[in-house]
Amino acid sequence: MAEEEEGRRKIDQKPAAAIIVAMKGHPGTGKSTLAHAIASSLRIPLIDKDDVRDCTLSLEQSLRQTYTAPNSSASALLNDLSYNVIWQVASTQLKLGLGVVIDSPLSRRTHLEKLVKLAGSTKAILVIVECKPSDEAEWRRRLERRGNEEHHQSSWHKPSTWRDLERLLEGYGGCTEYDVGNVPKLTVDTTAGIGIEELASGND
């Protein structure tokens with residue numbers, strides 16, 4: 001009888017609020033490496049926008065050929081689709097009571113607003129982890145090293161040289177620097193010489 005009451009009590013208990021860890025940062029800043037470490041440390045799903053975007057190459061080529069769409073239009077359409085997919089997947093996980101780490105640049109305020117709305121609808125806690133390397137030379141080395149690695153050749157939509165990154169940032173026109181309002185944000189210098197695992201675990 002006591003065991004039945006204990007089991008019923010556990011079922012009736014409300015689960016703790018799930019967490020959304022939203023990564024933010026430009027390519028090559030160590031964002032994805034840290035996202036993997038955080039997800040592993042917290043044992044929650046990692047949802048990577050690039051995983052979706054990587055799968056859209058054939059669709060982008062088809063759009064260009066079939067509808068003679070400008071390259072920029074096709075890319076923008078499929079980039080938006082990639083965001084919509086990760087938000088939908090995140091929503092499903094959160095409704096199951098699972099926290100998520102969302103790995104995306106979070107380069108526009110509209111993306112943050114979407115996550116704020118998602119957190120509100122699922123009663124989740126939203127936090128931002130922004131990667132901002134202070135050592136630009138090291139950032140550049142990491143970006144270009146990644147671009148030269150064979151397993152990154154399939155990531156055709158990512159900047160592989162520093163000039164590619166400069167063009168990307170010029171296209172943003174400063175929109176990546178925005179006020180996150182009341183959303184808690186942790187800014188991490190990923191070139192500060194602190195190990196990724198140490199950052200993810202929160203050790204001093």
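Sequential numbering from 1 along the given sequence is applied to the chain's residues.
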If you look only at distance, which donor and acceptor atoms sit under 3.5 Å apart when one is on a side chain in residues 101-108 and the other is two or more places apart or in another chain?
unit_1: D103; atom_1: OD1; unit_2: K31; atom_2: NZ; d: 3.4
unit_1: D103; atom_1: OD2; unit_2: S32; atom_2: OG; d: 2.6
unit_1: S104; atom_1: OG; unit_2: L106; atom_2: N; d: 3.4

- Message: In this structure, would I47 and V183 fall into the same cluster of hydrophobic residues linked by side-chain contacts under 4.5 Å?
- Response: yes

Mind listing the side-chain donor-acceptor pairs of residues 168-177 below 3.5 Å, one per line with the distance, residues two or more places apart or on another chain?
unit_1: E170; atom_1: OE2; unit_2: R163; atom_2: NH1; d: 3.3
unit_1: E177; atom_1: OE1; unit_2: K132; atom_2: NZ; d: 3.4

- Query: Between V100 and I44, does a side chain to side chain contact (heavy atoms under 4.5 Å, CB included) hold up when you go through it step by step?
  - Reply: CA-CA 6 Å; V100 293; I44 59 177; 5.5 Å; no

- Query: L78 versus L81: any side-chain heavy-atom pair under 4.5 Å?
  - Reply: yes

- Between the main-chain N or O of G30 and the side-chain N or O of T190, is there a donor-acceptor pair closer than 3.5 Å? no

- Please determine if R53 and D50 form a salt bridge, counting it only when a charged side-chain N lies under 4.0 Å from a carboxylate O. no

- Query: Looking at side-chain heavy atoms only, is the closest gap between M23 and I38 below 4.5 Å?
  - Reply: yes

- Message: For residues 82-91, which residue pairs pass the side-chain hydrogen bond (donor to acceptor under 3.5 Å, both in side chains) check, not counting sequence neighbours?
- Response: none

- Applying side chain to side chain contact (heavy atoms under 4.5 Å, CB included), name anything that partners V127, two or more places apart in sequence or on another chain. I19, V21, I125, P184

- Item | side chain to side chain contact (heavy atoms under 4.5 Å, CB included) partners of S58, counting only residues at least two apart | none

- Query: Distance under 6.0 Å and angle within 45° of the ring axis: does K24 meet both against Y178?
  - Reply: yes

- I would like to know whether L112 and I128 meet side chain to side chain contact (heavy atoms under 4.5 Å, CB included); could you show each step before the answer? CA-CA 9 Å; L112 174 61; I128 297 172; 3.7 Å; yes

- Message: Test of understanding: with side-chain hydrogen bond (donor to acceptor under 3.5 Å, both in side chains), list the residues that count as partners of S134, not counting sequence neighbours.
- Response: D189

- Side-chain donor/acceptor of D164 to backbone N/O of S160, under 3.5 Å: yes

- Run the numbers on K49 and N79 for side chain to side chain contact (heavy atoms under 4.5 Å, CB included), then give the verdict. CA-CA 9 Å; K49 179 241 179 188; N79 198 55; 2.4 Å; yes

- Message: Once rounded to the nearest 0.5 Å, what's the spacing between atom CG of D54 and atom CG of D48?
- Response: 7.5 Å

- Message: Do P27 and K158 make a side-chain contact, defined as non-hydrogen atoms from C-beta onward lying under 4.5 Å apart?
- Response: no

- Message: According to a hydrophobic-cluster definition based on side-chain heavy atoms being under 4.5 Å apart (Ile, Leu, Val, Met, Phe, Trp, Tyr only), do L34 and L42 belong together?
- Response: yes

- Is R142 paired with E138 through a side-chain N to carboxylate O contact shorter than 4.0 Å? yes

